[in-house]
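Let me begin by presenting the structure, written as structure tokens, before commenting on it.
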Amino acid sequence: MRPLSQRARSVPTSGIRTIMELAARLPDVIHLEVGEPDAVTPEPIIQAAVTAARAGFTKYTATAGLTSLREALVQKIRLRNDLRATVEQVVATPGSVFALASAVLAIIDQGDEALIPDPGWPNYASMLTLAGASIVPYPVMRETGYQPDLAALAGLITPRTKLLVINSPANPTGAVFPPETVRALVELAARHDLYLIADEVYEEFVYEGEHVPAARFDSDGRVVSVFGFSKSYAMTGWRLGYALASPQIAGMMARLAEPFVSCPSSLSQKAAEAALAGSQDPVVQMRESYRTRRDVVVDILGSQGLLAAVPHGAFYALVDLSRVSTDSMQLARQLLEEQRVATAPGETFGRLGTGLVRISFAAERSLLGEGCRRIVRFVGSNARAGRPVDKSPLC
Ligand SMILES: Cc1ncc(COP(=O)(O)O)c(C=O)c1O
């Protein structure tokens, strides 16, 4: 048989999946590798979907989502993000990942260059590769708490650059960009006539500083802002996200949804309406609970000099295991095998992830504490000055 599509095969396999598969074969593993809230979706949201299903709300909806949901999103964007928008500027999507992917498809032609953060969420590279983009990673610097280096970023722009992707609060670094940085990034995009996709799915989880939407500084409709329900309302399995963009880009994104997904799930849209209309206390509780867990991570790992940076947002921390090895896949495998802690290898997030692993602190608190203590033990028994690193038999 002839080979499968070259384009499909060019998408890298995820290092996180490799660790998950290895972890599934071992007993008593503490799972810190996946970015999944441990909370269950709040009950009123679940009830709204059940009621909608019983009422027969089980059909296709408009491609861009229900008008009632989009109107509610316009309200949310006004009240929580302090931005004016019309319904035509809002598209609901199956997960924010499809908001990102359809924005990429709307913007990118074969060979266009796209700037993505390093370290950054690996799906940017995958979806851009599928769209035919040439990927140019830009450094977010550990020395500055993983803030973008604007001069370095500007130096990477060529006449072929068409898109800049930014992510704050950030996965995997936990960085929150201050308002002046977000403004400077939007201005840089405008100066070089780039589109800018701002991935803001962790907007609700900021522990220090504030989240400023990139669209606040957009004067001519070049910014696509992506938000979601997965993280804010512990709704990862419901698959619902949304984007705010110019009417032209939003219209194109909805058009692109047609051949791929038809529309977001009708029941998830009803659940999302309930999430927006109901009490926001669960969001506040989740934020405070993640903050406490972030503090556990800082106490245990930060005090041992093992944190690459203190996370100010999202629910991830990069752990510096370079005292043991620089090969992050080797580190994640060995940590799993010796201490039964599953983590995401740093190089999954880019070249600057060497010597690092990412943990998610959305895990249950006592497990998180125990996982962190095991990481400390791992470094204690394997640090290069002490014992040389053995090759893991799992390799
Ligand atoms: C930075 C970032 N953007 C987008 C997403 C996708 O979220 P969703 O579940 O809404 O598709 C994730 C999920 O982990 C993420 O970490």
Side-chain angles (χ1 to χ4, degrees), residues 11-40 95 97 119-123 125-126 171-174 202 230-231 234-237 239 289-290 293-294 296-297 300-301 304 306-308 311 314-350 353-383 387 389-395:
V11 174
T13 51
S14 158
I16 306 177
R17 186 145 301 278
T18 308
I19 295 298
M20 282 167 75
E21 283 164 11
L22 292 174
R25 295 189 220 140
L26 297 171
D28 306 323
V29 172
I30 296 183
H31 289 275
L32 304 181
E33 78 276 36
V34 198
E36 177 110 60
D38 73 328
V40 173
V97 72
W121 192 47
N123 296 36
S126 312
N171 175 8
T173 65
Y202 294 100
S230 286
K231 316 288 172 172
M235 288 176 69
T236 45
R239 311 307 306 128
S289 153
Y290 294 146
R293 289 181 243 184
R294 189 279 308 260
V296 168
V297 171
I300 301 176
L301 296 177
Q304 299 293 317
L306 293 177
L307 274 190
F315 41 66
Y316 305 99
L318 285 173
V319 184
D320 183 349
L321 301 180
S322 58
R323 281 182 235 170
V324 177
S325 166
T326 51
D327 180 340
S328 65
M329 180 51 94
Q330 163 66 17
L331 285 165
R333 284 171 183 251
Q334 197 179 341
L335 185 55
L336 176 63
E337 194 218 334
E338 291 180 11
Q339 297 289 341
R340 299 281 193 264
V341 182
T343 56
E347 276 145 300
T348 295
F349 305 97
T354 54
L356 307 175
V357 295
R358 184 200 71 178
I359 59 169
S360 158
F361 50 84
E364 197 271 316
R365 195 174 153 168
S366 61
L367 288 177
L368 177 67
E370 173 57 18
C372 290
R373 280 187 287 277
R374 290 186 191 183
I375 293 175
V376 173
R377 279 206 291 277
F378 173 76
V379 176
S381 52
N382 290 293
R387 199 178 102 194
V389 184
D390 294 322
K391 272 275 174 200
S392 160
L394 286 172
C395 288

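On a predicted model such as this, the values are computed, not experimentally measured, just so you know. Positions are given from 1 along the sequence.
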Inset, instruction - Enter the distance from Thr354:OG1 to Met329:CE here, rounded to the nearest 0.5 Å. - result: 14.0 Å

Inset, instruction - Please report the closest heavy-atom contact between Ile30 and Gly371, naming both atoms and the distance. - result: CD1-N, 3.7 Å

Inset, instruction - Mind checking the CG-CD1 spacing from Leu321 to Ile375? Nearest 0.5 Å is all I need. - result: 6.5 Å

Legend entry - Residue pairs, two or more places apart or on separate chains, that pass salt bridge (Lys or Arg N to Asp or Glu O under 4.0 Å) and touch residues 357-371: Glu370-Arg373, Glu370-Arg374, Glu370-Arg377

Inset, instruction - Check side-chain contact (heavy atoms from CB on, under 4.5 Å) between Pro122 and all other residues, then give those that pass, not counting sequence neighbours. - result: Thr348, Phe349

Inset, instruction - State the CG-OG1 distance between Leu356 and Thr326, to the nearest 0.5 angstrom. - result: 10.5 Å

Legend entry - Shortest non-hydrogen contact from Leu318 toward Pro172: CG-O, 3.6 Å

Legend entry - Residues which pass side chain to side chain donor-acceptor pair (under 3.5 Å) with Gln339, listed by chain and number, not counting sequence neighbours: none

Inset, instruction - Output all residues satisfying side chain to side chain donor-acceptor pair (under 3.5 Å) with Ser126, sequence neighbours left out; order by chain, then residue number. - result: none

Legend entry - Heavy-atom donor-acceptor pair, Ser328 side chain to Glu347 backbone, under 3.5 Å: yes

Legend entry - Exam field: side chain Lys231 to backbone Phe315, donor-acceptor pair closer than 3.5 Å: no

Inset, instruction - Quick one: list whatever passes ring-ring contact (aromatic ring centres under 6.0 Å, His included) with Tyr316, sequence neighbours left out. - result: Tyr202

Inset, instruction - Please name the pair of heavy atoms, one in Ala317 and one in Val297, separated by the smallest distance, quoted to 0.1 Å. - result: CB-CG1, 4.1 Å

Legend entry - 4.5 Å side-chain heavy-atom contact, Ser230 and Arg239: yes

Inset, instruction - Provide the closest heavy-atom pair for Ala23 versus Val29 in the form atom of the first, atom of the second, distance. - result: O-CG2, 3.8 Å

Inset, instruction - List for me each residue that meets side chain to side chain donor-acceptor pair (under 3.5 Å) alongside Asp38, sequence neighbours excluded, and say none if there are none. - result: Arg293

Inset, instruction - Kindly write out the residues that satisfy side-chain contact (heavy atoms from CB on, under 4.5 Å) with Ala363, not counting sequence neighbours, or none if the list is empty. - result: Leu32

Inset, instruction - Write down the atom of Pro119, the atom of Thr173, and the distance for their closest heavy-atom approach. - result: CG-CG2, 4.1 Å

Inset, instruction - Could you tell me whether the side chain of Val341 reaches within less than 4.5 Å of the side chain of Phe378, counting heavy atoms only? - result: no

Legend entry - Expected output: side-chain Arg323 to main-chain Val379 donor-acceptor under 3.5 Å: no

Legend entry - Chi angles and distances behind the side chain to side chain contact (heavy atoms under 4.5 Å, CB included) call for Leu336, Glu33: CA-CA 10 Å; Leu336 176 63; Glu33 78 276 36; over 6 Å; no

Legend entry - Spacing of CG belonging to Leu26 relative to CZ belonging to Arg340, to within rounding of 0.5 Å: 4.5 Å

Inset, instruction - Output the distance between atom CG (Leu331) and atom OG1 (Thr343), rounded to the nearest 0.5 Å. - result: 8.0 Å

Legend entry - Minimal non-hydrogen separation, Pro311 against Phe361, with atom names: CG-CE2, 3.8 Å

Legend entry - Ser360: partners by side chain to side chain donor-acceptor pair (under 3.5 Å), with sequence neighbours left out: none

Indicate every side-chain donor-acceptor pair of residues 12-21 with a distance under 3.5 Å to a residue at least two apart or in another chain.
unit_1	atom_1	unit_2	atom_2	d
Ser14	OG	Ile16	N	3.0
Ser14	OG	Arg17	N	3.2
Thr18	OG1	Ser14	O	3.3

Legend entry - Test item: side-chain donor near acceptor, Ser322 and Asp320, under 3.5 Å: yes

Legend entry - Test item: Val319 and Cys372 side chains (from C-beta on) under 4.5 Å apart, heavy atoms: no

